[in-house]
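Taking it in order: structure first as structure tokens, then the write-up.
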Amino acid sequence: MQNIELQIRLKDWFFIFLIAIFFSIVLSVYSYFLIDEELKNAVIFGALLGFDIFIFSMSFITYLNNYILPKLSRKYWIFLAVIFSFLSGFLGTLLTYYLCNILDIYLLEKFKNSYMIFAFFIGFLTYFVAALLYQFVKMSNKKEYSERLLLDSRLKSLQRQLNPHFLFNSLNSLVELLHEDINKAEDNLMQLSKFLRQSMKESALNSLKDELDNLKRYVALENVRFSNKIILNIDINREFLKRQVPKFSIQLLVENAIKHGFDKSNKELIIDIYAKEYEKDFEIYVKNNGKAVNTNRFGIGLTNLKERLQILCKGKISLENSQIPTYKITIGRCNENISNG
């Protein structure tokens, strides 16, 4: 949990910046209003004070989180947080005082005459505000971390459900091929080794290039069983090959086509794969000339893919044509932080 407690993201900094500016302006407007001074000066002074305190806070906290706290026992964390939070307010107030003098910005006489006392006061006030913000950020991070763990667990469960029969079928085919063509058997064994090596990578996402390369190995291995009757046509622009896709997403549709596409005529099964961009999404189409799809309901494999697409890329899968079986995978923005295993 240490990394979670020390993690402050860009949106957190933006929120802290708004709080610092708002709090400083409100405080200075109230002070200037009490003595009937022009509120424009109060807004300028408050905005400058909030900005200066924010800059010191961001610098100190970033340095602490990256270089000091990870190397120290947790019992020293609170002490250092108090010191540096106080310094953020104290130094921010002093910097504001000197900048106001340089830029000729109006200051209250009481503040001008006792700026060191005010700097101490605002320093302690900064610590209390920082403590509240820390609790808010920590709770937000824990919530997101818990949600990510839940999604990661669910994703791993889905990945374990991927059809294992392919490996058994491939090994059986290789045993038969050993008696027919030893050289071809060795070649297919190498293909199987490369396929398994790529499949066992821990990332839940693949580049489209890696996904297609592994798909070609898969089809080559399946063609041992089906006497080269599976024809794979891939027509995808090179610019798309760096795109991230969920592992086994395209293969699952090809596997589905092989499983359900062959008919009694034993003709060739032609599988076409192509892709395009549509607005902000990336679409991959997998079409085959096999038997028509009789139902729009997804089985276990496609339901599995549907869930993984949603978890990893806010994507979806749809049946575009049931007579000439055509499935479309829609890829949104992929989240590479959800799972690395």
Side-chain angles (χ1 to χ4, degrees), residues 158-170 172-173 176 188 191 195 199 206 208-209 211-237 240-241 243 245-279 281-332:
L158 289 170
Q159 288 177 325
R160 283 193 291 268
Q161 294 174 20
L162 294 173
N163 191 351
H165 297 297
F166 162 71
L167 178 59
F168 304 136
N169 291 334
S170 296
N172 288 334
S173 298
E176 294 179 10
N188 276 270
Q191 292 290 341
F195 175 85
S199 300
N206 264 345
L208 184 56
K209 181 183 184 304
E211 184 73 6
L212 293 175
D213 286 345
N214 223 31
L215 175 63
K216 292 173 186 176
R217 298 184 189 107
Y218 168 78
V219 171
L221 291 164
E222 286 289 74
N223 263 326
V224 176
R225 284 202 302 140
F226 291 97
S227 305
N228 293 316
K229 290 181 179 178
I230 305 169
I231 309 299
L232 182 65
N233 298 320
I234 299 175
D235 184 16
I236 292 182
N237 294 339
F240 295 150
L241 296 180
R243 293 270 191 164
V245 298
K247 187 187 291 185
F248 300 128
S249 52
I250 303 175
Q251 180 193 316
L252 187 62
L253 292 178
V254 171
E255 184 179 334
N256 194 64
I258 294 172
K259 181 178 179 181
H260 301 289
F262 279 106
D263 57 25
K264 294 180 181 179
S265 66
N266 241 8
K267 64 179 181 179
E268 290 181 339
L269 180 68
I270 301 175
I271 302 173
D272 297 305
I273 300 174
Y274 53 98
K276 66 179 183 179
E277 287 181 312
Y278 181 73
E279 295 181 351
D281 293 330
F282 179 55
E283 298 176 344
I284 303 171
Y285 293 83
V286 179
K287 180 176 73 172
N288 70 81
N289 67 336
K291 292 188 294 184
V293 178
N294 297 323
T295 177
N296 289 330
R297 295 181 62 184
F298 289 167
I300 295 175
L302 294 183
T303 300
N304 178 315
L305 175 57
K306 179 181 177 181
E307 292 190 44
R308 287 194 295 125
L309 283 167
Q310 175 60 37
I311 292 172
L312 288 168
C313 297
K314 296 183 179 178
K316 59 184 178 180
I317 178 175
S318 57
L319 177 63
E320 299 293 291
N321 190 330
S322 60
Q323 296 305 307
I324 304 175
T326 306
Y327 288 91
K328 179 177 75 174
I329 293 175
T330 302
I331 305 289

Does some side-chain heavy atom of Glu222 sit less than 4.5 Å from a side-chain heavy atom of Val254? no
Salt-bridge test for Lys209 and Asp213: reply yes if a basic N is under 4.0 Å from a carboxylate O, no otherwise. yes
Trace of the side-chain contact (heavy atoms from CB on, under 4.5 Å) decision for Ile258 with Tyr218: CA-CA 11 Å; Ile258 294 172; Tyr218 168 78; 4.0 Å; yes
Roughly how far, to the nearest 0.5 Å, is CG of Asn288 from NE2 of His260? 10.5 Å
Nearest non-hydrogen partners of Pro246 and Ile331, listed with the distance: CD-CD1, 3.9 Å
To the nearest 0.5 Å, what is the distance between CD1 (Ile250) and CD1 (Ile234)? 8.0 Å
Check Thr326 against Tyr285 and note the closest heavy-atom contact, atom names and distance. CG2-CD2, 4.2 Å
Relative to each other, are the rings of Phe298 and Tyr327 parallel, tilted or perpendicular (30° and 60° limits)? tilted
Side-chain heavy atoms of Asn321 within contact of Lys287, under 4.5 Å: no
May I ask you to check whether over 12 heavy atoms, not counting those of Ile231, lie within 6.0 Å of atom CD1? yes
Within a strict 4.5 Å, meaning less than it, do heavy atoms of the Ile284 and Ile273 side chains meet? yes
Hey, is CG on Asn237 packed in by over 12 heavy atoms from elsewhere, all under 6.0 Å? yes
Going by heavy atoms in the side chains, are Cys313 and Val245 under 4.5 Å from each other? no
Within the supplied structure, the quantity of interest is the number of heavy atoms (other residues, nucleotides, ligands) at a distance under 6.0 Å from Asn233 CG; does it exceed 12? yes
Could you pull out the closest heavy-atom pair between Asn289 and Glu268, with the gap in Å? ND2-O, 3.4 Å
How about Leu305 and Leu253: do any of their side-chain heavy atoms sit closer than 4.5 Å? yes
For residues Ala275 and Phe240, report the shortest heavy-atom separation together with the two atoms involved. O-CE1, 3.8 Å
Taking Asn223 for the side chain and Lys229 for the main chain, is one N or O donor matched with an acceptor at less than 3.5 Å? yes
Donor-acceptor under 3.5 Å (Glu283 side chain, Lys328 main chain): no
Answer whether the closest heavy-atom distance between the side chains of Gln251 and Leu215 falls below 4.5 Å. yes
How about Asn206 and Asn214: do any of their side-chain heavy atoms sit closer than 4.5 Å? no
Which atom pair, heavy atoms only, marks the closest approach of Lys267 to Phe262? O-CE2, 3.6 Å
Might you point out which heavy atoms bring Lys276 and Phe282 nearest each other, and give the distance in Å? O-CD1, 3.6 Å
Could you check whether any side-chain N or O of Asp281 sits under 3.5 Å from a backbone N or O of Thr330, counting only pairs where one atom can act as donor and the other as acceptor? no
